[in-house]
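The structure appears right after this line, and notes come after that.
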Protein chains: 2
Amino acid sequence: MKLSARVEYGVRAMAVLAIYYQTGPLPLREIAEQEKISLKFLEQIFPDLKKANLVESARGSQGGYMLSKSPNDVKVGDIVRAVEGPITPVDCLSEIDTKACCDRKDACLTRQVWEKLRDRINDVLDEVTLIELVDIKPVYKSS
Amino acid sequence: MKLSARVEYGVRAMAVLAIYYQTGPLPLREIAEQEKISLKFLEQIFPDLKKANLVESARGSQGGYMLSKSPNDVKVGDIVRAVEGPITPVDCLSEIDTKACCDRKDACLTRQVWEKLRDRINDVLDEVTLIELVDIKPVYKSS
DNA sequence: TTAATCCCGACCAAACAACTCGGATATCAT
DNA sequence: ATGATATCCGAGTTGTTTGGTCGGGATTAA
């Protein structure tokens, strides 16, 4: 039940883009520096975000990436699914890969739990948008 | 966001044990056959279930494993945590491993989502007990 | 033209997952 | 006692995944 570094970095990077929303394209180099993430690794992640229409890119000098819609409308779930693919706690649940499923589909005692789990995970991740990540300022302890 | 085969097998095995509750110890060989799981692999999983006091063992001939409490009282979450350890979507959240956490703990924008996610996952898994897995008979399609 | 940027594909080392193997030890039935 | 059947224990193995790196190509603003 771990998220990959890809996802973690993807969400962090998108949060940064949310902060710089509507200020023109932001180069990955900037994000990499701010978030201490390998530039080359970020370069691998962003094509996925682009395919999912979450970001737009501008090539060449002064180029970079920008959100393709308001931070309001970008759910964390969108990012996770874009970067890691559909969320399936067990392979058995993936629609495409029905052969990997247990043969006795109907009799499978555990299937229901994993379905419930999958749905709930998607729910939580879809409840939070980039706005919430960026807007709610953390409270610094005075002690 | 995948569960390991260990967990999947662990839950399936515990479901079998639930069916045979109070009929004496059931050898892993039986479970392995019924669920088509490698015996040797099961042997690796069960010590964890025992450490978590979910099962008791009887050694030697006529031995095997049995639930140490009623299927009512065994939550799927208990099994998952026993077999895979505490559920932490990102390392940053594990209490023990605070050094792995981002230095700027309070300022971390994404932490809140992962905390929420972790809590919800635990909630779902704790809502379902072995009884529900075993009691609710699946509906076979007539078509 | 040059520097910055996205884009693309290959490569790589370490970690992990999912087993397998070979026994040691305990216990019951005969 | 002696097997047969179990749990127990630790190490080895094999393939995949992860989390990167590396080198360069294509594009564009200054």
Side-chain angles (χ1 to χ4, degrees), chain A residues 1-13 16-17 20 24-33 35-52 54-68 80 83-85 88-92 97 100, chain B residues 1-13 17 20 23-33 35-52 54-68 80 83-85 88-92 97 100:
Chain A
M1 282 279 97
K2 282 258 165 61
L3 288 164
S4 62
R6 279 178 67 85
V7 162
E8 214 184 316
Y9 293 166
V11 174
R12 298 223 321 254
V16 174
L17 280 188
Y20 289 86
L26 188 71
L28 288 188
R29 181 185 40 77
E30 281 279 347
I31 301 178
E33 279 168 15
E35 292 292 321
K36 306 263 186 287
I37 300 172
S38 148
L39 171 60
K40 280 299 192 180
F41 198 23
L42 270 186
E43 283 185 346
Q44 286 184 330
I45 297 171
F46 266 76
D48 288 337
L49 295 170
K50 196 184 175 186
K51 271 176 221 145
L54 297 178
V55 296
E56 282 165 11
S57 64
R59 302 182 66 170
S61 183
Q62 302 299 103
Y65 285 95
M66 54 199 133
L67 293 188
S68 55
V80 174
V83 170
E84 261 203 339
T88 55
V90 301
D91 291 332
C92 169
D97 191 17
Chain B
M1 282 279 93
K2 282 257 166 62
L3 289 163
S4 61
R6 280 177 65 86
V7 162
E8 216 185 314
Y9 293 167
V11 174
R12 298 226 316 258
L17 280 189
Y20 289 86
T23 63
L26 189 70
L28 289 189
R29 181 184 41 76
E30 281 279 347
I31 301 178
E33 279 169 14
E35 293 292 320
K36 306 265 189 282
I37 300 172
S38 147
L39 170 61
K40 279 299 191 178
F41 198 21
L42 270 186
E43 282 184 351
Q44 286 185 330
I45 297 170
F46 266 75
D48 289 336
L49 295 170
K50 195 184 177 187
K51 271 176 222 148
L54 298 178
V55 296
E56 282 165 12
S57 64
R59 303 183 66 170
S61 182
Q62 304 297 102
Y65 285 95
M66 53 198 135
L67 292 189
S68 55
V80 174
V83 170
E84 261 203 336
T88 56
V90 301
D91 291 331
C92 169
D97 190 16

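The sequence lines fix the lettering, A, B, ..., with proteins before strands; numbering per chain opens at 1.
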Do [X] and [N] share a donor-acceptor pair, side chain to base, under 3.5 Å?
X	N	answer
A/Glu43	C/dC6	no
A/Lys2	D/dG19	no
B/Gln44	C/dT20	yes
B/Arg59	C/dT25	yes
B/Lys40	C/dG23	yes

- Query: With a 4.0 Å cut-off on heavy atoms, is A/Gly63 in touch with a base, just the backbone sugar-phosphate, or nothing at all?
  - Reply: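 The answer is sugar-phosphate, as A/Gly63 gets under 4.0 Å only of primed atoms, P, OP1 or OP2.
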- At under 4.0 Å between heavy atoms, what does A/Phe46 touch on the DNA or RNA strands: base, sugar-phosphate, or nothing? nothing
If every non-hydrogen atom of [X] is compared with every non-hydrogen atom of [Y], which pair is closest and at what distance?
X	Y	answer
B/Asp48	B/Val83	OD2-O, 4.1 Å
A/Glu84	A/Ser4	OE2-OG, 2.9 Å
A/Ser57	A/Lys50	OG-NZ, 2.9 Å
B/Leu3	A/Met1	CD2-CG, 3.6 Å

Could you tell me how far apart [X] ([atom1]) and [N] ([atom2]) are, to the nearest whole angstrom?
X	N	atom1	atom2	value
B/Tyr65	D/dC8	OH	C1'	7 Å
A/Ile45	D/dT21	CD1	C1'	14 Å
B/Leu39	C/dG23	CG	C1'	14 Å
A/Ile31	C/dC6	CD1	C1'	12 Å
B/Lys51	D/dC8	NZ	P	11 Å
B/Asp91	D/dG19	CG	C1'	13 Å
A/Glu84	D/dT18	CD	C1'	11 Å
B/Leu3	C/dA17	CG	P	12 Å

Report the nucleotide, chosen from [options], that has the shortest atom-to-atom distance to any side-chain atom of [X].
X	options	answer
A/Gln62	D/dA30, D/dG19, C/dT27	D/dA30
A/Pro27	D/dT5, C/dA18, C/dC6	C/dC6
B/Ala5	D/dA29, C/dC6, C/dC19	C/dC19

- Quick one: on DNA chain C, does A/Lys50 or B/Ser4 contact a more 5' nucleotide (nearest heavy atom)?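 Residue closer to the 5' terminus by nearest nucleotide: A/Lys50.
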Can a side chain N or O of [X] be found less than 4.0 Å away from OP1 or OP2 on [N]?
X	N	result
B/Arg29	D/dA6	yes
B/Tyr9	C/dC19	yes
B/Ser38	C/dA18	no
A/Ser57	C/dT5	no

- Out of curiosity, A/Tyr9 OH to A/Ile31 CD1, how far, rounded to the nearest 0.5 Å? 14.0 Å
- Between CG on residue A/Leu28 and CD on residue A/Gln44, distance to nearest 0.5 Å: 11.5 Å
- Message: Please evaluate residues A/Lys2 and B/Asp91 with respect to the criterion side-chain contact (heavy atoms from CB on, under 4.5 Å), reporting the C-alpha separation (whole Å), side-chain torsions for both, the decisive distance (0.1 Å), and the verdict.
- Response: CA-CA 8 Å; A/Lys2 282 258 165 61; B/Asp91 291 331; 3.1 Å; yes
- Give the C-alpha distance, both sets of side-chain angles, the deciding distance and a yes or no for side-chain contact (heavy atoms from CB on, under 4.5 Å) between B/Leu42 and B/Tyr65. CA-CA 11 Å; B/Leu42 270 186; B/Tyr65 285 95; over 6 Å; no
- Please work out the stems of DNA chain C from pairs that are Watson-Crick or G-U wobble with both distances under 3.5 Å, keeping only runs of three or more consecutive pairs.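 The stems are C:1-30 with D:1-30.
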